[in-house]
Amino acid sequence: MNLPPLHRAASLGLLAALGLGGVAGCSSADSAPRTAEVRKSAPDVSPAPSGTASATSASTSTSTSTDIGWVQLMTPMNQQAVKLLTLAAERAAEPRVRAFAVRLRTGHEAELNRLRPLLTRMGLPLTDVHAGHDMPGMVTEQDLEAAHAAEGPALDRLVLARIRDHLRQSAQVSRSEITAGGRADARELARALVTAREGFLAELERLPGAVRALG
C-alpha cells in the first residue's frame, strides 16, 4: 500500500497490536494503491465507575490496544463482506452459492449488531478508520467492481475466493483478540466469530466451483 510514512505506520501499528505485524499489513497485491488516512486509535477506556450495574462493569473493562485494533478492523471487514455477499445472493450462478451467501450475510449482519455497540461502549467512532486501505481479508471497492462486471461461474469463483480470504483473515485476527484482548465482551464476541468462521470455511470449500476457485 502506497501511504505516506506516518499514515502507513498508523495502519501497521493497529495490526501489530493484534500480533500479526507484517502478516496482516496493508497490501496492494490485488488492487491499486489508495491513500486515505488512518485515524489514530482512541485512548483506552477507563473501567466503569463504582456503583454501575455489575453486568455492565464486567463487560466494560479497560480497552487494550488489541481490543481497539480488533474491533476497528472487524467492523469494516464485515461491512465490506456484506456488500459482496448481497451481490452473490442475488446473482451467483450456482443455487448453493446463493444460499450460502444469504446465510453468511445474515450471520455477518448479526455480528455487526454486536460490533457497533462494542465500538460505542469503548468510546470509539463508528467511522471506518481503514477506509481506502487495502487490508488482508478486506473486500475492496475494486473487488466489488469486478464482481459487478462478472457473470455466471466467473462471479461464483470471484466470490468464493474473496470470501474465503475474508473468513480466514477475520478468524486469524479474532484468535489474537481471544489470546491478547483485555475486554471480556470483546473476547466473547471474538470466540463466537471464530466458531462461525470455521464452520463457514468448511462449508465453502465443499461448494460447487470451490476447487477451481480456491486452487
Side-chain angles (χ1 to χ4, degrees), residues 15 18 20 23-32 34 70-116 128 130-131 133-179 187-215:
L15 289 157
L18 294 169
L20 301 176
V23 174
C26 298
S27 170
S28 58
D30 296 321
S31 57
R34 289 172 288 174
W70 177 74
V71 72
Q72 287 189 318
L73 180 59
M74 281 309 311
T75 304
M77 283 185 77
N78 268 26
Q79 290 170 339
Q80 288 296 105
V82 163
K83 295 177 183 179
L84 182 58
L85 292 167
T86 297
L87 181 63
E90 297 170 352
R91 293 185 45 219
E94 167 59 47
R96 285 175 58 187
V97 174
R98 291 199 300 271
F100 174 81
V102 169
R103 289 186 293 102
L104 184 53
R105 178 182 63 187
T106 299
H108 274 45
E109 289 171 339
E111 290 170 0
L112 284 169
N113 287 336
R114 297 178 68 182
L115 285 163
R116 289 172 179 139
D128 178 5
H130 294 293
H133 293 176
D134 298 330
M135 313 295 289
M138 185 82 74
V139 174
T140 66
E141 292 304 317
Q142 288 87 347
D143 292 333
L144 294 172
E145 290 172 6
H148 278 287
E151 296 181 358
L155 172 60
D156 292 12
R157 290 193 296 271
L158 186 154
V159 168
L160 292 174
R162 294 295 177 268
I163 291 301
R164 193 269 301 268
D165 291 346
H166 160 74
L167 291 173
R168 283 183 168 178
Q169 185 67 21
S170 55
Q172 182 178 358
V173 296
S174 294
R175 291 186 188 101
S176 294
E177 167 61 26
I178 294 168
T179 301
R187 295 197 307 272
E188 178 185 0
L189 179 52
R191 280 191 290 268
L193 189 147
V194 168
T195 299
R197 296 295 185 272
E198 290 173 345
F200 277 117
L201 275 168
E203 182 178 352
L204 182 151
E205 292 172 359
R206 296 192 299 267
L207 288 172
V211 172
R212 183 176 177 186
L214 307 178

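It should be emphasised that the depicted structure is a prediction, and the values quoted were computed from it without experimental measurement.
- Although no hydrogens or angles enter the test, the distance criterion places no donor-acceptor pair under 3.5 Å between the side chain of Arg162 and the main chain of Leu144.
- Residues Ala93 and Pro153 come closest through the heavy atom pair CB-N, 4.0 Å.
- Heavy atoms only, all atoms of each residue included: Glu111 and Ala196 are closest at OE2-CB, 4.2 Å.
- To the nearest 0.5 angstrom, Leu155 atom CG is 9.5 Å from His148 atom NE2.
- The backbone N or O of Glu94 lies less than 3.5 Å from a partner atom in the side chain of Asp156, making a donor-acceptor pair.
- Heavy-atom minimum distance, Pro208 versus Val97: O-CG2, 4.1 Å.
- Leu84 pairs in a side-chain contact (heavy atoms from CB on, under 4.5 Å) with only one of the listed residues (Asp143, Ile163, Leu104), which is Ile163.
- Met138 has its side chain within reach of Leu73: a pair of non-hydrogen atoms, C-beta onward, lies under 4.5 Å apart.
- Heavy-atom minimum distance, Ile178 versus Ala190: CG1-CB, 3.7 Å.
- Ring-plane geometry between His108 and His166 is classed as tilted, the angle between the planes lying from 30 to 60 degrees on a 0 to 90 degree scale.
- Looking only at side-chain heavy atoms (C-beta outward), Arg91 and Glu151 come within less than 4.5 Å of each other.
- In terms of heavy atoms, Ala89 sits closest to Val102 at CB-CG2, 3.6 Å.
- The pair Glu141-Lys83 meets the salt-bridge criterion, with a side-chain N (NZ, NE, NH1 or NH2) lying under 4.0 Å from an Asp/Glu carboxylate O.
- Ser174 and Arg197 form no side-chain donor-acceptor contact under 3.5 Å, judged by distance and modelled atom types alone.
- We find the CG-CG distance between Leu193 and Asn78 to be 6.5 Å, quoted to the nearest 0.5 Å.
- Taking CE of Met77 as the start and CG of Leu115 as the end, the distance is 11.0 Å to the nearest 0.5 Å.
- Taking CZ of Arg114 as the reference point, atom CE of Met74 lies at 12.0 Å (rounded to 0.5 Å).
- Contact annotation: the side chain of Arg164 approaches that of Leu201 to within less than 4.5 Å [non-hydrogen atoms, C-beta and beyond].
- A side-chain donor-acceptor contact under 3.5 Å links Arg206 to the backbone of Ala202.
- Once rounded to the nearest 0.5 Å, the distance linking OG1 of Thr86 with CZ of Arg105 reads 4.5 Å.
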